[in-house]
Peer 1: 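Sharing a structure, written as C-alpha cells. Questions coming.
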Amino acid sequence: MAQCASSRVSRWTWTTKARTTLTCSLPGRPLLLTGRRGPQEIRLAPRPSQARNRRKLQVRAEVAPAGGTEAFLQWMSDNGSSQERITLADRPDSEDSIHSLKSMHYIVAAQDIESGEEAIRIPDSMYITLEQIFQDETVAELLTTNKLSELAVLALYLMYEKKNGEESVWSEYIHELDRQAARGQNAVPSPLLWDPEEVTTLLKGSTVISSIKSRLKAIEREYQELDTVWFMAGSLFQNYPYDIPTEAFSLELFTQAFVVVLSCVVHLQGVKLARRFALVPLGPPLLSYSTTSKNMLTPQEDQSISLKLSTPCKEGDSLEVWCGPQPNSRLLLNYGFVDMGNPYDKLTVRATISKADELFQAKKAALQTMDLGTTQDFNLKRDDDIAQNKLLSFLRLGQATTEEDVRAISSEVSSQDNDSSATPVHDISVLAHVYSFCSNHLQGYDRLLEEDEALLASNALDPKERVATQLLCCEKRILKSTMASLSAVTEEGVDLGSTNPAVFTSHCSLKML
C-alpha cells in the first residue's frame with residue numbers, strides 16, 4: 001500500500017493476484033487499472049448517500065492540507081466535539097523515512113486537567129458503529145452473529161469510504177489513520193503486518209507466532225465472507241458504485257484495513273450489541289494505551305462518548321486510556337506494543353488428561369469437584385506463588401495410578417485448599433514435570449534472558465527488534481520466576497533440574513498456548 005505524493009489526495013495502490021494495479025483517487029477522476037491489457041479508465045459515479053451524511057457532518061473545504069493537525073482538529077470541532085483541553089503533538093522518533101511514513105500524532109493536554117474533569121466529549125455523529133453504518137440494529141446483529149465479526153464490517157466500511165476520497169465525510173479521519181499506518185505507540189505495527197520471515201526470526205521461541213498465523217487465517221476466512229455483507233445490506237452498499245468486496249479489494253488490502261481497525265477500535269461498555277465496537281476519531285491510537293490507567297472512553301445518556309480523567313494531567317502530558325486486562329502477547333498482536341510492567345501479563349499452559357487413561361472417568365469426576373475440566377488452561381505469572389496454582393493439583397490427580405489415589409488426592413485438595421502434599425515421590429514428579437516443561441520452553445529461544453536485557457539496555461535495536469525483544473524478555477522472566485517458585489516449594493536438597501520427570505504418566509500432557 002502506498003500513499004500518493006499530493007498533500008490533498010489520499011490514494012491507496014495495491015496489486016491483485018491477477019497482476020492488475022488499482023489506484024483509487026478523488027471522486028470525479030478516473031479509477032486507473034493497469035493490467036495485462038494496458039491502462040483502462042473507469043469513471044466513478046457520485047455517491048448518492050452523501051447528502052444524507054452531510055446533514056450530520058460538515059466536510060471541510062478550506063485550503064488547509066488534508067491530514068494536517070489543524071484541519072483534523074477543526075473538523076472535529078466543527079462537528080460538535082468538545083476538545084478545547086487537548087491538542088495533537090508529534091510522537092518522538094515515529095517517522096519512518098525508509099517507508100515514507102510520517103511522524104505519528106498523539107493527544108496531549110493543552111492545559112492542566114484535574115481529576116474527575118472531562119477532557120474530551122465526542123457526539124454520536126462523530127464516531128462509527130455498526131448501528132450507524134447500517135441504520136438498522138437487526139441487520140447489524142444478524143451480520144455479527146453469523147460468519148463476520150464487527151471488525152470485518154468496520155474495515156469494509158472504511159475501505160469503501162476511502163475509495164470516495166475527499167468526498168467521504170470521514171476523509172479527515174481516514175487521513176489521520178493513514179498517518180498512523182496501524183502503528184502502535186512504539187511506532188511499530190501489529191506483527192500481523194510484518195513479513196513472515198520477520199515474525200519467525202524476531203519472535204522465535206514465542207507461542208505468539210502460532211497466534212499470528214491463526215489470526216491471519218481467521219482474517220482470510222472473513223475476507224471470503226465479505227460478499228455476504230454486500231448482498232445482505234444492499235440498501236447501504238448500493239450507494240458505493242464499485243465492485244463487490246472480494247473483487248474491489250484484495251486480501252492483502254483487507255488485512256491492512258482489518259489491522260487498522262483492530263488497533264483503534266473502542267469497546268464500549270453498557271450499550272446494545274450494534275454499538276459495542278466503535279471507531280472514535282479522538283480515541284486510540286491518538287490516545288495512548290496503558291495497562292494501569294483508570295481512564296476510559298465511556299458512553300453517555302445522549303449517546304456521546306466522554307473521557308474523564310481519573311488522575312490529574314499537566315499541560316503537555318500524554319492522555320492515556322486503559323487497554324483492558326490483556327497480556328503482552330495480545331498487546332503486541334492487537335496494538336503493536338509491549339508493556340514490561342504489565343500487571344496482566346501471563347503465559348497460558350493447557351493441561352490435558354487423555355481419554356485413553358483407564359481412570360479417565362474417575363479423574364473427570366474428581367476434577368469437577370475442584371471446578372476443573374479434563375482439559376484446563378492455567379496461567380503462569382511473574383512472581384506468583386506456584387504452590388497456590390491449581391495446575392499442581394490437576395497434575396497430581398492426572399498422574400494418579402489407582403482409584404484409591406484419585407479419591408485420596410481429591411479429598412486432600414478439597415480439605416486443604418490446593419496443598420501439594422501427597423507422597424514425596426508424587427510431589428517431586430509433579431514439580432519436576434512442570435520445571436522440565438518450563439526449562440524446555442526456555443531452550444526454544446535463541447538468546448538467554450540476560451542477553452535480551454543487555455540488548456534492551458543498549459540502543460542497538462530498531463523498533464520492531466525492540467518490541468519483539470521486550471516480549472521475549474517478559475516471557476522468559478515468567479518462566480524463570482515459575483521455576484524459582486517450584487524450587488522454593490521443593491524439599492531442601494532436591495534439585496528439580498536433575499530430577500527425572502519420566503515417571504510422570506503419559507496420559508497427562510502440558511502445552512504452552
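Each residue takes its place number in the sequence, starting with 1.
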Peer 1: Are the side chains of Trp322 and Ser290 in contact, using a 4.5 Å heavy-atom criterion?
Peer 2: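 Contact flag for Ser290/Trp322 side chains = no.
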Peer 1: Could you check if a side-chain atom of Asp124 sits within less than 4.5 angstrom of a side-chain atom of Ser304, using non-hydrogen atoms only?
Peer 2: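 Counting from C-beta outward, Asp124 and Ser304 never come under 4.5 Å.
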Peer 1: Going through the checks in order, is the side-chain hydrogen bond (donor to acceptor under 3.5 Å, both in side chains) test met by Ser77 and Gln83?
Peer 2: CA-CA 7 Å; Ser77 180; Gln83 61 205 42; 4.9 Å; no
Peer 1: Would a distance-only check, ignoring hydrogens and angles, find a side-chain to backbone donor-acceptor pair under 3.5 Å from Asp345 to Asn328?
Peer 2: yes
Peer 1: Can Glu84 and Ser82 be counted as having a side-chain donor-acceptor contact under 3.5 angstrom?
Peer 2: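 Indeed, the side chains of Glu84 and Ser82 share at least one donor-acceptor pair under 3.5 Å.
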Peer 1: Test Lys464 against Glu198 for salt bridge (charged side-chain N to carboxylate O under 4.0 Å, His left out), laying out the working first.
Peer 2: CA-CA 9 Å; Lys464 282 184 183 177; Glu198 289 179 319; 2.9 Å; yes
Peer 1: State, without any angle test, whether Asp227 and Thr246 hold a side-chain donor-acceptor pair at a distance under 3.5 Å.
Peer 2: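 Present: a donor and an acceptor within the cut-off.
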Peer 1: Any chance you could lay out the side-chain contact (heavy atoms from CB on, under 4.5 Å) test for His105 and Asp90, step after step, and finish with the verdict?
Peer 2: CA-CA 5 Å; His105 288 154; Asp90 286 340; 3.1 Å; yes
Peer 1: Please determine whether side-chain contact (heavy atoms from CB on, under 4.5 Å) holds for the pair Leu286 and Met104, giving the CA-CA distance in whole Å, both sets of side-chain angles, and the decisive distance to 0.1 Å.
Peer 2: CA-CA 8 Å; Leu286 293 178; Met104 298 166 58; over 6 Å; no
Peer 1: Which heavy atom of Leu226 sits nearest a heavy atom of Ala152, and at what distance?
Peer 2: CD2-O, 4.4 Å
Peer 1: Counting N and O atoms only, with roles assigned by atom type, does the side chain of Gln303 sit under 3.5 Å from a partner on the main chain of Gln300, one being a donor and the other an acceptor?
Peer 2: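 Flag not set: sc Gln303 to bb Gln300 has no pair under 3.5 Å.
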Peer 1: Check the pair Leu456 / Leu461 against side-chain contact (heavy atoms from CB on, under 4.5 Å), numbers first and verdict last.
Peer 2: CA-CA 8 Å; Leu456 292 174; Leu461 301 175; 4.1 Å; yes
Peer 1: Is it the case that Glu320 and Ser293 place a side-chain donor and acceptor less than 3.5 Å from each other?
Peer 2: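 No, Ser293 and Glu320 have no side-chain donor paired with an acceptor closer than 3.5 Å.
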Peer 1: Judged by atom type as modelled, is there a donor-acceptor pair below 3.5 Å linking the side chain of Asp317 to the main-chain atoms of Lys314?
Peer 2: yes
Peer 1: Can you check whether Thr375's main-chain N or O pairs, donor with acceptor, with Thr352's side chain at less than 3.5 Å?
Peer 2: no
Peer 1: Just verifying a value: how many Å separate Glu465 CD and Leu202 CG, rounded to the nearest 0.5 Å?
Peer 2: 6.0 Å
Peer 1: Quick one: pull up CD in Gln185 and CZ in Phe337 and give me the separation to the nearest 0.5 Å.
Peer 2: 4.5 Å
Peer 1: Nearest heavy-atom pair of Leu472 and Leu203: which atoms, and what distance?
Peer 2: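 What the structure gives for the nearest pair is CD2-O, 4.1 Å.
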Peer 1: Identify the two heavy atoms, one from Ile174 and one from Ser168, that lie closest to each other, and give their separation to 0.1 Å.
Peer 2: CD1-OG, 4.2 Å
Peer 1: Side-chain contact test, heavy atoms from C-beta onward, threshold under 4.5 Å: evaluate it for Trp75 versus Tyr173 and give yes or no.
Peer 2: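 Yes, their side chains come closer than 4.5 Å.
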Peer 1: Report the distance from atom CG of Leu130 to atom CG of Leu154, rounding to the nearest 0.5 Å.
Peer 2: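 Interatomic distance, Leu130 CG to Leu154 CG, rounded to 0.5 Å: 5.0 Å.
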Peer 1: What pair of heavy atoms forms the shortest contact from Pro189 to Trp194, and how long is it?
Peer 2: O-NE1, 3.0 Å
Peer 1: Count the heavy atoms belonging to other residues, nucleotides or ligands that lie under 6.0 Å from CZ of Arg330, then report whether that count exceeds 12.
Peer 2: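 No, not enclosed.
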Peer 1: Check step by step if side-chain hydrogen bond (donor to acceptor under 3.5 Å, both in side chains) holds for Thr291 and Asp339.
Peer 2: CA-CA 7 Å; Thr291 59; Asp339 179 3; 2.5 Å; yes
Peer 1: Might you work through the side-chain contact (heavy atoms from CB on, under 4.5 Å) test for Gln470 and Leu455, ending with a clear yes or no?
Peer 2: CA-CA 10 Å; Gln470 287 175 331; Leu455 282 172; over 6 Å; no
Peer 1: With a 4.5 Å heavy-atom cut-off, do Lys381 and Ile478 have their side chains touching?
Peer 2: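 No, side chains not in contact.
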Peer 1: side-chain hydrogen bond (donor to acceptor under 3.5 Å, both in side chains) for Ser318 and Ser288? Distances and angles first, verdict last.
Peer 2: CA-CA 7 Å; Ser318 170; Ser288 300; 3.2 Å; yes
Peer 1: Check whether the ring centres of His267 and Phe277 lie less than 6.0 Å apart, and answer yes or no.
Peer 2: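 Centroid separation for His267 and Phe277: below 6.0 Å.
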Peer 1: Evaluate side-chain hydrogen bond (donor to acceptor under 3.5 Å, both in side chains) for Ser206 paired with Glu475, printing each intermediate quantity in order.
Peer 2: CA-CA 8 Å; Ser206 175; Glu475 291 181 354; 2.7 Å; yes
Peer 1: Between Ser306 and Thr298, do the side chains contain an N or O donor and an N or O acceptor separated by less than 3.5 Å?
Peer 2: no
Peer 1: Can you find a heavy atom in the side chain of Val349 that is under 4.5 Å from one in the side chain of Asp377?
Peer 2: no
Peer 1: Is it the case that the side chain of Gln74 and the backbone of Ala71 share a donor-acceptor pair, with hydrogens and angles ignored and the cut-off at 3.5 Å?
Peer 2: no
Peer 1: Does Arg447 come within less than 4.0 Å of Glu453, counting only side-chain N to carboxylate O?
Peer 2: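 No, Arg447 and Glu453 are not salt-bridged.
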Peer 1: Would you name the heavy atoms of Asn295 and Ser310 that are closest together and state the gap between them?
Peer 2: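 Heavy-atom minimum between the residues: OD1-N, 2.7 Å.
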Peer 1: Go through Lys308 and Glu118 one step at a time and tell me if the salt bridge (charged side-chain N to carboxylate O under 4.0 Å, His left out) criterion holds.
Peer 2: CA-CA 4 Å; Lys308 291 184 179 179; Glu118 185 176 73; 5.5 Å; no
Peer 1: Any side-chain heavy atom of Leu331 sitting closer than 4.5 Å to one from Val338?
Peer 2: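 When only atoms from C-beta onward are counted, Val338 and Leu331 do not touch, as no gap falls below 4.5 Å.
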Peer 1: Going by atom types alone, do Thr129 and Gln132 pair a side-chain donor with an acceptor below 3.5 Å?
Peer 2: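 Present: a donor and an acceptor within the cut-off.
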Peer 1: Quick check for you: to the nearest 0.5 Å, what is the distance between Leu262 atom CG and Arg215 atom CZ?
Peer 2: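 It comes to 5.5 Å.
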Peer 1: Between Asn379 and Thr348, do the side chains contain an N or O donor and an N or O acceptor separated by less than 3.5 Å?
Peer 2: yes
Peer 1: Hey, what do you get for CD (Glu117) to CG (Asp112), rounding to the nearest 0.5 Å?
Peer 2: 9.5 Å
Peer 1: Any idea which heavy atoms bring Leu192 and Ile212 closest together, and the distance?
Peer 2: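 Where Leu192 meets Ile212 most closely, the heavy atoms are CD2-O, 3.8 Å.
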Peer 1: Do Met76 and Leu282 come close enough that some side-chain heavy atom pair is under 4.5 Å?
Peer 2: yes
Peer 1: Does the side chain of Arg350 come within less than 4.5 Å of Phe378's, by heavy atoms?
Peer 2: no
Peer 1: In this structure, which one of Tyr223, Phe254, Tyr160 forms a ring-ring contact (aromatic ring centres under 6.0 Å, His included) with Phe249?
Peer 2: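 Single pass found, and it is Tyr160.
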Peer 1: For Ser263 and Arg183, which I'm curious about, is there any donor-acceptor pair between the side chains at under 3.5 Å?
Peer 2: no
Peer 1: Got a second to check how far Leu156's CG is from Leu151's CG, nearest 0.5 Å?
Peer 2: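 With rounding to 0.5 Å, CG (Leu156) is 12.5 Å from CG (Leu151).
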Peer 1: Both conditions, 6.0 Å and 45 degrees, for the charged tip of Lys476 above the ring of Tyr445: are they met here?
Peer 2: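 Pair Lys476/Tyr445 counts as cation-pi.
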